[in-house]
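Just below is one structure, and these are the notes that go with it.
When a ligand or atom number is given, it counts from 1 through the structure's own listing order. Throughout, numbering of the chain's residues begins at 1 and tracks the sequence. Just so it is clear, the structure is predicted and the values come from calculations on it, not from any experiment.
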Amino acid sequence: MRYVSTRGKAPVLGFDEVVLAGLANDGGLYVPEEWPSLDEDEWRSLRGLSYAELAVRVMLPYVGAALTEEDLADLVETATARFDHPAVAPLRQVGPHDWLMELFHGPTLAFKDHALQILGPLFDMLLTRAGRRVAIVAATSGDTGSAAIEACRDRAAVDVFVLYPKGRVSDVQRRQMTTVKAANVHTLAVDGTFDDCQALVKSLFGDTAFRNEVGLSAVNSINWARIMAQVVYYAWAGVALGAPDRALGFSVPTGNFGNIFAGYVARQMGLPIDRLVVGSNRNDILTRFLETGTMAQERVVPTLSPSMDIQVSSNVERLLFEMHGHDAAEVRAAMERFRQSGRYDVPSDLHQELLGLFRGHRLDDDETAEAMRMILETTGTMVDPHSAIGLVAGAVAGRRDEGGVTVSLATAHPAKFPDAVERATGIRPALPERLADLMTRPEWSQDVPNDTRALQAVIRAGLRR
Ligand SMILES: *Cc1c(COP(=O)(O)O)cnc(C)c1O
């Protein structure tokens with residue numbers, strides 16, 4: 001399997017190089033040159049497999065010669081063992097044709113564990129074999145940071161630097177990062193928003209000398225391996241609910257467009273997905289994009305669903321590359337327009353094509369709180385603010401025809417956002433036993449200015465070599 005950059009100016013690489021590189025060196029994102037696909041009988045043959053067995057079957061075509069099937073099975077085994085539900089991604093029925101897929105049973109209580117629990121050991125395996133080290137720098141809107149730290153802590157070949165927007169993540173989210181004490185973990189509080197953090201990471205990657213000096217790599221959803229690992233649970237839900245003999249819609253609370261893009265990939269692989277719903281909070285750049293065909297950046301406002309407080313959705317670039325038939329020049333032009341003016345338009349035929357598959361729906365904070373209350377009342381299920389947005393978006397904009405199902409992705413455990421859940425429902429969700437003392441553990445965190453040079457100095461000082 002070979003990977004190309006969405007901007008067409010970076011070298012074509014194999015899986016191992018793509019994983020270790022993160023971002024392509026032309027500023028683009030790596031995608032497979034061609035999509036592997038399964039025919040209907042191959043999809044049917046996945047029925048009855050365990051989550052881990054199915055994961056190996058779905059991911060194997062992407063790893064090429066970089067890993068053997070046994071390597072991959074070992075990684076998946078290590079990863080799934082850290083989830084505390086036997087199904088890994090259990091499905092809960094919430095309506096006649098409506099399901100909630102719980103993706104929050106991993107170590108840090110958000111769906112990001114699904115990909116990062118694979119990516120951590122994968123990095124270690126590839127680096128050890130190559131005799132290399134990396135410095136991972138991750139921008140987080142709350143959940144990537146702790147998932148990255150949990151996946152990479154104490155790994156010999158990896159130093160981790162996590163940038164989070166100071167004061168803009170929940171106390172639980174912050175503590176899940178700052179209470180980890182490991183020699184290779186650095187939690188950095190940036191004076192700015194998540195988009196500022198993401199821009200800092202991009203500027204580090206844009207500085208080739210620095211990038212090579214420290215062996216920079218990324219575990220944000222710009223890293224292809226994350227998307228790949230997330231395709232697994234779309235396949236899992238699809239097969240469990242009757243695919244390929246039944247059509248499916250998914251509703252996904254979306255920020256950086258990584259999770260929902262994995263759904264698009266599952267569709268490229270032949271899963272009969274006929275609707276993908278983007279759930280937005282007031283930072284609704286994606287929903288507006290789907291409504292108008294114009295991507296127009298606005299100021300980020302803090303909401304009850306902070307992991308979606310984003311106005312630059314990096315992974316849309318991968319979708320554009322597909323929609324433009326792998327025309328990297330078109331993608332480069334659109335990204336350049338966006339960088340200069342904060343907006344770009346897609347041609348109207350392409351906009352119509354997008355609407356053939358995608359829909360968007362936004363909820364403000366009042367609607368999100370009302371949704372949490374109503375979902376608890378009608379289904380007996382307590383959901384976090386992000387998952388509530390997904391559920392309502394799926395109900396409003398999900399598939400309508402007979403016979404299919406809509407699966408909403410529950411992306412975080414309610415106890416990750418206890419204040420918002422308690423205010424909406426009157427009930428304070430409890431953390432799982434293993435995290436019960438989180439709020440009293442000591443914290444370690446370093447303040448950094450929103451400045452590339454200053455950040456580079458902090459990273460140099462933190463490296464273990
Ligand atoms: C990261 C995150 C999202 C957004 O996921 P994207 O892949 O960035 O679209 C939604 N909900 C929760 C709880 C998250 O942690």
Verify salt bridge (Lys or Arg N to Asp or Glu O under 4.0 Å) between E336 and R339, making sure each step is shown before the conclusion.
CA-CA 5 Å; E336 186 53 26; R339 198 182 61 77; 2.9 Å; yes
Please tabulate, one line per pair, the protein nitrogen or oxygen atoms found under 3.5 angstrom from a nitrogen or oxygen of ligand 1, with distances to 0.1 Å, or say none if there are no such pairs.
unit_1, atom_1, unit_2, atom_2, d
ligand 1, 7 (O), G258, N, 3.4
ligand 1, 7 (O), N259, N, 2.9
ligand 1, 8 (O), N256, N, 2.8
ligand 1, 9 (O), G255, N, 2.8
ligand 1, 9 (O), N256, N, 3.3
ligand 1, 9 (O), F257, N, 3.2
ligand 1, 11 (N), T411, OG1, 2.9
ligand 1, 15 (O), K112, NZ, 2.5
ligand 1, 15 (O), D143, OD2, 2.3

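- Of all heavy-atom pairs between S314 and I222, the closest is CB-CG2, 4.0 Å.
- Between F111 and Y233, the ring-plane angle classifies as perpendicular under the 30° and 60° cut-offs.
- Between Y51 and W236, the ring center distance clears the sub-6.0 Å criterion.
- Ring-centre distance between H105 and F83: not below the 6.0 Å cut-off.
- In this structure, T425 has no side-chain hydrogen bond (donor to acceptor under 3.5 Å, both in side chains) partners at least two apart in sequence or on a different chain.
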